[in-house]
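Lettering follows sequence order; numbering is per chain, from 1. Treat the numbers as computed from the prediction; the structure is a model and nothing was measured.
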Amino acid sequence: MKSTTLRMANMNSQDTVSKGRKVGSVLVVGGGIGGIQTALDLAESGFKVYVVDNSSAIGGVMAQLDKTFPTNDCSMCILSPKLVQCGRHLNVEVLTCSEVTKISGRAGNFNVSVKQQPRYVDIAKCTGCGLCAKFCPVDAIDSFNKGLRDRTAIHISYPQAVPLAYMIDREKCVGCGLCKNVCLADAISYLEQEKEVTLNVGAIILAPGIREFDAKLKSEYGYGRYPNVVTSIEFERILSASGPFMGRVQRPSDGEIPKKIAFLQCIGSRDVTCGNGYCSSVCCMYATKEAVIAREHMSQIEPTIFYMDLRAHGKDFDKYIERARNKYGVRFARCRVSEVKEISKTQSLKIRYETEDGTQHEENFDLVVLSVGFAPSETVEKLAKNLGVELNKYGFCKTRTFYPIETSKPGVFVCGMFSSPKDIPQTVTQASAAAASVGKLLFSVRGTLIKKKKFPRELDVKGQPPRIGVFVCHCGINIGGVVDVPSVVAYAQTLPNVVYACENLYTCSSDTQEIIKNEIKEHNLNRVIVASCSPRTHEPLFQETIREAGLNSYLFEMANIRDQCSWVHMFEHEAATEKAKDLVRMAVAKAAKLNPLDRILLDVIPRGLIIGGGLSGMIAALALAEQGFETYLIEKEKALGGFLRNIHNTLEGEDPQRFLKELIRKVKDNHLIHTFQGVNIEEISGYVGNFRTTIAHASEKSELDHGIIIVATGGEEYRPKEYQYSMDPRIITQSELEDRLSTTTISTRLNSVVIIQCVGSRDNSHPYCSRVCCGEAIKNALKIKEKSPTTEVFILYRDMRTYGFAETYYEKARELGIIFIRYNENKKPEVIKKSENGRESLSVSVYEPIIGEQISIDADLVVLSAAIVPPDGNKILAKMLKVPLNEDGFFLEAHAKLRPVDFTTEGIFVCGMAHAPKSIEESISQAYAAASRAATILTKTKIEAEGIVALIDEKMCTGCGTCIILCPYGAITKNDVGVATVTAVLCKGCGLCAASCPERAIITPHFTDEQITSQTRALLGRITA
Amino acid sequence: MKFNPKILGFLCNWCSYAGADLAGISRIQYPPNLRIIRVMCTGRIDPVLPLEALANGADGVIIMGCHPGDCHYMTGNYEAERKIKMLKKLIAPLGLAERLHVEWVSASEGARFAEVVENFTNQIKVLGPSPLRQEKLDLSKWEGIQAAKEAVEDFRLRALVARERKIIEEGNVYGEEISQEEFDRKMDDALTAEYIRNRIYLILEKEPTSIKQLSKRLNLSSKHVLDHVVLLRRRGLVTVDKIEDMTPIYSVLKR
């Protein structure tokens, strides 16, 4: 109760200024994965969202990818559920073929003009059946497949497109009128005109993504001239099972399978000659992934990656590289390629390159893949100009280290590639972070513009004999042209419990929804079957329809007689009709056994708990409190600040300590944040919406009740055991150097400083990259040079991983004469102490690869770039929370790509270095993201559990614990009497427990053994009553 | 008459069912013998379900799920894989192992889906109609599959297979590493034993029988059969019905 009043109080104080002016809707520019994630987070936390995208469907670049690193997840498998969710969300409106032309107003209340190009196809009417494309006589190039395949002038960009509506490519269309004639849904409209739409929104999020570098500009590599030189995105389509070669690796010139494939890195990245001085951050990994996938497709393929530094700086990336090298035989060659020439006879390619020792080589390859970098597109530049948003010198959106989500214009936020090159999880993180930033701005008008669907009271059908209605779809001629639909209808009428069956031209059209509702009433139907397309795309629509007629949505079943029947047996009309009948019979058998399911509602305690009072924890606490949520912030140490206390400046020249002081003040001043310092967590119990945490401070104990948990336990600097650390005051760690640089003037008597990278990183004890050390080393090296220009600074490194814009500082360091010497992990440098004239001198011996000799560098100071390691306490905390750690001891998120701050256990989130080593900027983004994900729960007064939740028969349960071990979501626990019990809100309904229960005491509703068995028996001709 | 196999597929909603849809969207043609039952996850597939299909005369059963590491629910496919491995071993003596198949197909592999279906259909065509089809029912095999079904409904095999992955990957309760081979040996013993016990039970359920007769019907040594009967008695499933000429005749107690 206390919290509610607090929430109200806070709202009122803000609202006195803004009431009537702020608008509870948000514009998202760009419908890639970033735009989709931010839209879903916002819509789930009470805002109306408009997504504007200039293409005909959402999905962005991710929809074009075959697999994603470092898990090799199928890109479409993980993306398409999000596409569907976004496309169907009641409070997300997608405007395709649209661009923003003008904005006016200010933070909290903008007016936005959007220009919408004609599609010539009515989205509301088009069913995506594809008849029009089949008859379109004009071939055009398929830009989704990167020009590697033809498509018709009327097209969808990819099979899983959302919205699933066709579009006419006006440039290719000759205007023959065929499509309108064949379209049975009457969706074609040649007269459609360009439209202007005005939107009134409270905030704007820019997620436009960027374009890939135009490889033609690097003419020495022959792209555009030689057909077998392709870009990495083109190669992605070549690899894809839904690409032009259907997943077979073939080269474009002749369809031959290339044996030797060369990947050339840094095309349009780290290259000042083409104006792109930054690193594109993702190319090393995607090239490795493409090489691995190519090898997986054809084991005879020999991929070689030509690179400068291998930038595998992300979580578990180095392990991926090692697998690629050792398991897949991917060859990594450190050198720069100077030229690619075509061998005219074979159209293969001769590559000339120079290795580190200066020798020239030539080698032939069958296919060359250019790992193109990324740059903002001209349309994005125009957009930024329209919006008045400042760009950096490379044309990316300008942001500041401590405010990574904010543009120069208040109320306009940015996420994804547009602010700097980044991978998918970082984009998704920023997308959520942007949603939290909007939440801070607009929380007082949250929930004011959203729609809620109202359904009539549900009819009670329990105990009634099944009365099944079957609706068989023609889908234009998609089904009807192959399957004899009338005979399927006639057959359905003969089946047990079927009281009504009919055919429809398009069962999904809006007028048919009315028909279905009427027939339910007319015939007292209590089960409904639609025999048409796939439940994956259409089940939610029909479920909604029957709900509108008063039926529980689980009293519905589909028979997939199009995607899995008429379309795949186009020339076997009889067999297809037989199959359709079988599928309908099976659906009828299951429908007879269906039961209504209730979604359990649970109260949410609208308070957050944050574990860890470092940078991430404090940012997350503020992000929640500033959205009006009471928050507990727990820090085990006496002081707030965590690792950030060790950092005194940034590459960009900002002052972290000033920021930290200000941050601590804000946290302390915020009356919604309750800080507990120097306390231990004793116990955590409960589940999403209802957690209870016991903390102990001094001899006192308190219990805190809260709805969500954010884990922000941070990271620590490794105390080196190597390089004689702690045995000589002249051998110090990077953070000790930083401390010295900030407090004392570095002595100009220092003739030479040697910095050694990867101390405790990328070795056997810590096989991961600590991500921040390369940037930190350069930052401090530059600081030394600034204070004492005559001091010689050496950086001994393995790969310089100055990703993104940090690359420009690497460039600057080299210009200033800082000497970079690469060492091999097998030939690590050695710190040598020698006594001379009573004085102990210090030197570092290292093998110099360019001259090919062991050299010795005198050092007045040796600085060790020590790894970031997870705090020991993570292990205990992970057990308490029942969430996993990865092999390295960092917390393991639910999904490496699309759920970077969530755990599989709902209601618990992670951010900052608790997740993996990361920069200040990245920690801040992730902290906001965790707060955003948490807000999607805290804004709801009640949360709804899935309808399909495992049910345990307590009388049958012997308490053997099998289900508890197996449940991936920690949803099953043992109760007081020793039997298993399900926490409904945590259960995802996968059914693993039911399939494994030794006593068969568990049921997965809607997919019960009885239901599945009745389908089986129906198919095999033993229909049970 | 031309053999037209009836094949049942259990497909997971997120990867394979989507892959099957994509085959359709891409209009890739494949033989019309497969009927699909959609489940949310292959982890949902109770080992009884594929056996139920085979027992009812399905010529083939195929299970398709997400590729390793891709499971929408994290680990369902790994668990399914182990269950199917167990089932294949269990039905191998009945000559049915090749009629049960598992494949991983992703949402973007429409063409591969079609290929998998075509290959499996061809494989079934070569094998010919199931011996469990109603028209030409092979009684001993029918008894065999019933016993297999009973075996996977019982506690022991279910409990073992459900713990297999954890034990192999994380070690047992003593913190010892158990190799796959070692586990397989234990599993195989359990499989054989449970299968035979259930066959014995099903025979005794029909009519009270002696050890000698059982041994003849099952083609097993009488010592072997006796051991199982003794155990079944201890479990309270079998009892001595009567004694005929010094020969005990056993019958079942209802489960």
Side-chain angles (χ1 to χ4, degrees), chain A residues 66 71-77 80-81 159-160 240-242 246-247 534-537 560 562-565 567-572 575-576 578-579 582-583 586 904 948 960 962 965-966 968 988-992 994-1000 1004 1007 1009 1012-1013 1015-1017 1019-1022, chain B residues 6 8 10 13-15 17-18 20-30 32 35-41 43-49 52-53 56-58 66-67 69-70 72-76 79-80 83 106-112 114 134 153-156 158-159 161-163 166:
Chain A
D66 178 40
T71 50
N72 282 2
D73 262 313
C74 154
S75 191
M76 195 45 83
C77 296
S80 75
Q160 301 84 350
S240 174
S242 54
M246 299 183 135
S534 175
R536 295 188 76 258
T537 49
N560 188 336
R562 188 189 72 176
D563 304 39
Q564 296 179 3
C565 185
W567 274 350
V568 289
H569 313 307
M570 289 166 83
F571 313 108
E572 297 171 88
E578 266 326 289
K579 181 170 175 176
D582 279 356
L583 292 171
M586 290 163 76
T904 42
I948 303 171
C960 74
T962 305
I965 298 174
L966 288 176
K988 302 279 178 206
C990 70
L992 180 56
S996 310
C997 174
E999 294 292 357
R1000 309 192 78 199
T1004 313
F1007 293 94
D1009 284 350
I1012 296 174
T1013 304
Q1015 282 172 286
T1016 305
R1017 291 187 179 162
L1019 168 66
L1020 298 163
R1022 294 181 195 179
Chain B
K6 281 229 163 179
L8 186 64
F10 293 100
N13 179 62
W14 304 96
C15 295
Y17 195 92
D21 283 348
L22 182 61
I25 293 164
S26 319
R27 310 295 195 275
I28 302 165
Q29 305 295 301
Y30 57 82
R35 308 288 183 266
I36 293 170
I37 291 180
R38 180 174 68 111
V39 288
M40 293 314 279
C41 178
R44 165 67 194 98
I45 300 165
D46 191 297
V48 175
L49 298 173
E52 177 71 30
N56 278 286
C66 307
H67 283 278
D70 278 10
H72 187 81
Y73 304 100
M74 264 41 90
T75 52
E79 297 298 337
K83 288 196 177 89
S106 83
S108 64
E109 293 176 327
R112 210 178 87 78
Q134 272 167 307
E153 281 186 26
D154 279 353
F155 189 92
R156 187 178 175 200
R158 297 173 74 88
V161 75
R163 281 173 166 72
K166 195 175 162 70

Residue selection (most heavy-atom pairs with chain B, distance under 4.5 Å) from A:V568, A:L992, A:I1012
A:V568

Comparing B:A111, B:A18, B:C41 against chain A, the one with the most heavy-atom pairs below 4.5 Å turns out to be B:A18

Which residue out of B:H67, B:R27, B:M40 racks up the most heavy-atom pairs below 4.5 Å with chain A?
B:R27

Which region of A:M570, side chain (C-beta onward) or backbone (N, CA, C, O), has a non-hydrogen atom less than 4.5 Å from a non-hydrogen atom of chain B, or is it both or neither?
both

Bottom line for B:V48: the part with an atom under 4.5 Å from chain A's heavy atoms is side chain

Looking only at heavy atoms and a cut-off of under 4.5 Å, which of A:D66, A:I965, A:T904 has the most pairs with chain B?
A:I965

Region of B:R38 that comes under 4.5 Å of a non-hydrogen atom in chain A:
both

B:R163 versus chain A, the contacting section by heavy-atom distance below 4.5 Å:
side chain

Please lay out, stage by stage, how B:R158 and B:D46 fare under the test side chain to side chain contact (heavy atoms under 4.5 Å, CB included).
CA-CA 9 Å; B:R158 297 173 74 88; B:D46 191 297; 2.7 Å; yes

I need the residue from B:K83, B:R35, B:M74 with the largest number of non-hydrogen atom pairs under 4.5 Å to chain A.
B:R35

Only pairs of heavy atoms separated by less than 4.5 Å count here; which of A:Q160, A:R536, A:M76, A:E578 has the most with chain B?
A:R536

So for B:L22, is it side chain, backbone, both, or neither that comes closer than 4.5 Å to the heavy atoms of chain A?
side chain

In terms of heavy-atom pairs under 4.5 Å, which option from B:A114, B:A58, B:C66, B:A80 contacts chain A the most?
B:A58

Between the CG atom in B:L8 and the CG atom in B:N56, the distance rounded to the nearest 0.5 Å is 10.0 Å

Kindly compute the distance separating CG (A:L583) from CD1 (B:I36), expressed to the nearest 0.5 Å.
8.0 Å

Value for CD1 (B:I45) from CD (B:E79), rounded to nearest 0.5 Å, stands at 12.5 Å

Kindly indicate, with the supporting measurements, whether the criterion salt bridge (Lys or Arg N to Asp or Glu O under 4.0 Å) is fulfilled by A:R1000 and A:D1009.
CA-CA 10 Å; A:R1000 309 192 78 199; A:D1009 284 350; 2.7 Å; yes

Sorted by chain and residue number, the side chain to side chain contact (heavy atoms under 4.5 Å, CB included) partners of A:T1013 (sequence neighbours excluded) come out as A:R1017, B:L49, B:E52

Most contact-rich option vs chain A, by heavy-atom pairs under 4.5 angstrom, among B:P32, B:G69, B:S108, B:A159, is B:P32

Can you measure from CG (A:L1020) to NZ (B:K6) and round to the nearest 0.5 angstrom?
7.0 Å

Going by side chain to side chain contact (heavy atoms under 4.5 Å, CB included), name the residues that satisfy it together with B:H72, two or more places apart in sequence or in a different chain.
B:W14

Turns out that what part of A:Q564 lies under 4.5 Å from chain B's heavy atoms comes down to both

How long is the span from the CG atom in A:L966 to the OH atom in B:Y73, to the nearest 0.5 Å?
15.5 Å

Report the C-alpha separation of A:H569 and B:Y30 in whole Å, then their side-chain angles, then the decisive distance to 0.1 Å, and conclude whether the side chain to side chain contact (heavy atoms under 4.5 Å, CB included) test is met.
CA-CA 7 Å; A:H569 313 307; B:Y30 57 82; 3.9 Å; yes

Given the options A:A575, A:P81, A:S534, which has more heavy-atom pairs under 4.5 Å with chain B than any of the others?
A:S534

Which answer fits B:F10, side chain, backbone, both or neither, if we ask what part of it has an atom under 4.5 Å from a heavy atom of chain A?
side chain

